[in-house]
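This report refers to the structure that appears directly beneath it.
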Amino acid sequence: MSLFEEFSQPGATEPLADGAVVLRGFAAPATARLMEALRSITEAAPFRHMMTPGGLRMSVEMTNCGRVGWISDRSGYRYAPSDPETGQPWPAIPPAFLDLAQRAAAAAGFAGFEPDVCLINRYRPGAKLSLHQDKDEQDFRAPIVSVSLGLPAVFLFGGMKRSDKPRRIRVESGDVAVWGGPSRLAYHGVAPVVDGAHPATGRSRINLTFRKAL
Ligand code: SIN
Ligand code: FE2
């Protein structure tokens, strides 16, 4: 970890790449509101481990809210209008989520962000997310807004090629990463989450990823 990362300040905007920043502590004041809204979502659409197209069970647990939800199964990755577990439409994006996502996008230079989906990831200790691009969306003009809550993690932020060596950025509860424009298709992932406990989430890390999919 560099000194810069170690002494990151709440309120600081840290550049990651052209079109990509971390807004330190941006979501911290909204934590309780976000966690309360999350509870209603997971009552209707519980967290589950999805399967990769190759048949591997993902270590991270996922659910969604929005007009569509991101899913993965043996037939591939895609956005679906209803939850395959319940057959019901995904819960709507709650106002607290939308407000936070729009303010974070604007603070990062992407005014007018209108997300139609929020993928929600839960990382128990040891869970990780391999390097990938968010590229199942229909148009790449909108940025990605990614909110970290709970246990800290190492966010991996690479380049346009999977082989580009990713930067390792420690993200803590309340940090928001935003990437768009020339960074919209940057490879990114999450290193295995280290065991611990956090007052907001217990033994887990929650990530809210807002996107415009349609
Ligand atoms: C994602 O890429 O979907 C999640 C990233 C994160 O958990 O920080
Ligand atoms: Fe992603």
Side-chain angles (χ1 to χ4, degrees), residues 5 8 14 16-17 19-28 31 34-35 38 41 47-50 52-53 58-66 68-72 76-79 90 93 97 100-101 104-105 108 115-138 140 142-162 164 166-180 183-194 196 198 200-201 204-213:
E5 281 152 3
S8 64
E14 290 180 14
L16 287 181
V21 295
V22 179
L23 307 170
R24 294 292 183 186
F26 192 92
T31 303
L34 296 173
M35 290 305 295
L38 177 60
I41 294 167
F47 282 113
R48 80 292 307 266
H49 292 277
M50 294 186 191
T52 66
M58 297 178 77
S59 61
V60 53
E61 299 159 272
M62 297 176 164
T63 186
N64 291 272
C65 57
V68 289
W70 186 88
I71 61 169
S72 176
Y77 306 128
R78 63 198 176 279
Y79 284 99
W90 298 102
I93 299 181
F97 277 32
L100 192 273
D116 50 22
V117 53
C118 177
L119 168 66
I120 305 162
N121 296 314
R122 180 167 68 188
Y123 300 77
R124 302 287 199 186
K128 66 176 177 67
L129 195 59
S130 308
L131 278 183
H132 65 277
Q133 295 170 296
D134 291 359
K135 60 175 184 192
D136 301 320
E137 299 71 34
Q138 284 172 18
F140 298 137
I144 304 291
V145 172
S146 171
V147 180
S148 291
L149 296 169
L151 288 181
V154 175
F155 181 56
L156 308 169
F157 194 79
M160 297 302 135
K161 299 197 301 285
R162 188 185 297 278
D164 291 338
R167 287 184 56 186
R168 297 171 64 85
I169 298 115
R170 183 179 160 90
V171 284
E172 295 190 8
S173 195
D175 290 348
V176 181
V178 182
W179 60 97
S183 286
R184 175 61 181 75
L185 291 173
Y187 276 87
H188 60 280
V190 177
V193 168
V194 174
H198 190 279
T201 59
S204 66
R205 169 177 185 262
I206 300 287
N207 171 263
L208 313 176
T209 297
F210 295 89
R211 303 153 173 183
K212 184 167 175 2

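In listed order, ligands and their atoms are each counted from 1.
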Inset, instruction - Check the pair Lys135 / Leu185 against side-chain contact (heavy atoms from CB on, under 4.5 Å), numbers first and verdict last. - result: CA-CA 7 Å; Lys135 60 175 184 192; Leu185 291 173; 3.9 Å; yes
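- Of all the N, O or S atoms in Asp134, the one closest to the Fe ion (ligand 2) is OD1.
- His188 contributes NE2 as its N, O or S atom closest to the Fe ion (ligand 2).
- Under the 4.0 angstrom criterion for non-hydrogen atoms, Arg122 is not in contact with ligand 1.
- Per-residue contacts place Arg211 under 4.0 angstrom from the following atoms of ligand 1 (heavy atoms of the residue considered): 3 (O).
- Arg48 contributes atom CZ, which lies 12.5 Å from atom CE of Met58 (distance to the nearest 0.5 angstrom).
- The nearest heavy-atom contact from the protein to atom 8 (O) of ligand 1 is Arg205 NH2, 2.9 Å.
- Glu137 and Lys212 are not joined by a salt bridge, as no carboxylate oxygen comes within less than 4.0 angstrom of a charged side-chain nitrogen.
- Of all N, O or S atoms in His132, the one lying closest to the Fe ion (ligand 2) is NE2.
- Asn64 contributes a side-chain N or O that, together with a main-chain N or O of Trp70, makes up a donor-acceptor pair within less than 3.5 Å.
- Shortest contact from atom 1 (C) of ligand 1 to any protein heavy atom: Leu129 CD2, 3.4 Å.
- Classification of the Phe210-Phe97 ring pair by plane angle, with boundaries at 30° and 60°, yields perpendicular.
- When each atom of ligand 1 is checked for a heavy atom of Thr209 under 4.0 Å away, the hits are 1 (C), 3 (O), 4 (C).
- In summary, the atoms of ligand 1 found under 4.0 Å from a heavy atom of Ser146, numbered by their order in the structure, are 8 (O).
- Cation-pi check for Arg205 over Tyr123 is met; the charged atom lies under 6.0 angstrom from the ring centroid and within 45 degrees of its normal.
- In summary, the atoms of ligand 1 found under 4.0 Å from a heavy atom of Val190, numbered by their order in the structure, are 5 (C), 6 (C), 7 (O), 8 (O).
- Between Arg24 and Glu14, at least one side-chain N (NZ, or NE/NH1/NH2) sits under 4.0 Å from a carboxylate O, which counts as a salt bridge.
- At the top of the distance list for atom 7 (O) of ligand 1, counting protein heavy atoms only, stands Tyr123 OH, 2.5 Å.
- Below 3.5 Å of separation, one finds an N or O of His188 facing an N or O of ligand 1.
- Using a 4.0 Å cut-off between charged side-chain N and carboxylate O, Asp134 and Arg211 make a salt bridge.
- Looking from atom 3 (O) of ligand 1 to the surrounding protein, the closest heavy atom is Asn121 ND2, 3.3 Å.
- By the 30° and 60° cut-offs, the orientation of the rings of Phe157 relative to Trp179 is perpendicular.
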